[in-house]
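For reference, the structure is listed below as structure tokens.
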Amino acid sequence: MLEQSLAGNEDYRRRVQQEAAYLSSKGWYHTIELPGGEIIQGLHPVETLREKLNAFPIPADLRGKTVLDIGAWTGWYSFELERRGARVTAMDCVAPEEFFQARRLLNSRVEHLTLDVDELDPHTAGTFDYVLFFGVLYHLRHPLLALEKVCSVTREAAFVESYVIDGANPAAEDSGVPNLLEFYETDELGGQLDNWFGPNTKCLLALCRSAGFARVRLEKMVAGRACVSCWRRWDPPPEQPSEPAPTIQTAVNNRTHKPQFHHGKDEYVCCYFRASRSGLTKEQVFAEVDGYGVPALFLKDFGGGGYQLNSRCPPWLEPGLHEFRLRTIDSHYSEPVHIEKR
């Protein structure tokens, strides 16, 4: 697997440096089509941009929806989703001049937020129905924390596009290939100082799940890069369940065995429940907090219908009471119990 990585590849390094030289000469990153038919040529042609966007199940009609485009740069994706009807915020760590030129020429209302991903949370940015996270992850020193922050501002789904070290030949999730994450201390990847990590595709999917997304799916590989959809909620329960809903006995902090959780601590919900079916696996139990799915990390079957499920307490919960509930693959949700964030 590792020999497929582009780290140390001189051809790749040369190409990245040529692109950097083009951009430093005030070239545009995205090609922009103007209403009168004029085209401002950028490093990436519209066909390439559209192919990437179309790899994701983003609705064609986004009226009434909000979108955050992280790493927006020139803003082609922002302007395209605005054209579909969304209210869009473009976010980047800088405020590129060409974004504001394009916004003026397109008579756009896309808002711009100059913010590092490290600063991102619901208080600084708000929350959004959909979040785009294209070409950013491998530039960040703390990729799992970054994905947690993306999850914290997502209400429906985030769409993640990233460099992966096995882009030419990604392994299937059930292949037995381990999750791998390369670390680049300096400029090993493409000669760029801000390329820090390169996951393989399996690792990227695992990172997205570990960040708190309920459902994660590899949509497509585009130009050797992975396109991943990350949904906040589980699929709906069956309309006619074949089993009764589980009964939660208690849901507590794994450290203190009390239902209180604390800001800034890495804590886990330990839930004891009863179900009518024996032999459940963690893939057959769906827990949620305040309606958002939380992936199961561990499930123990005590026999006789008794179970223990462990999941991470979402770190972005506001102080106060929150509802925790769960269901099995063939049941409706249990009655909720409360956990408290302090």
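Throughout, numbering of the chain's residues begins at 1 and tracks the sequence.
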Ring centre gap for H112 and F99 strictly below 6.0 Å: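 Yes, the ring of H112 comes within the 6.0 Å limit of the ring of F99, centre to centre.
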
Centroid separation F286 to W234 less than 6.0 Å: yes

Residues [X] and [Y] bridged, charged N to O under 4.0 Å:
| X | Y | value |
| --- | --- | --- |
| R312 | D266 | yes |
| K65 | E156 | yes |
| R277 | D330 | yes |
| E288 | R325 | yes |

Approximate separation, where rounding is to 0.5 Å, of E188 CD and S5 OG: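 Here the rounded value is 10.0 Å.
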
ILVMFWY cluster, I32 and L81 together (side-chain gap under 4.5 Å):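 Linked, I32 and L81 end up in one cluster.
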
Joint hydrophobic cluster, L205 plus L180, side-chain heavy atoms closer than 4.5 Å: no

If we only count heavy atoms from C-beta on, is the [X] to [Y] side-chain gap below 4.5 Å?
| X | Y | result |
| --- | --- | --- |
| R327 | H332 | no |
| Y130 | P59 | yes |
| V46 | E33 | yes |
| N195 | F197 | no |

Axial cation check for Y292 ring with R233, 6.0 Å and 45° limits: yes

Qualifying residues under ring-ring contact (aromatic ring centres under 6.0 Å, His included), relative to Y77, sequence neighbours excluded: H30, F134

Pairs satisfying side-chain hydrogen bond (donor to acceptor under 3.5 Å, both in side chains), at least one member in residues 214-225, at least two apart: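 Listed once each, the pairs are Y138-R225, E161-R225, R215-D235, R217-E219, E219-S229.
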
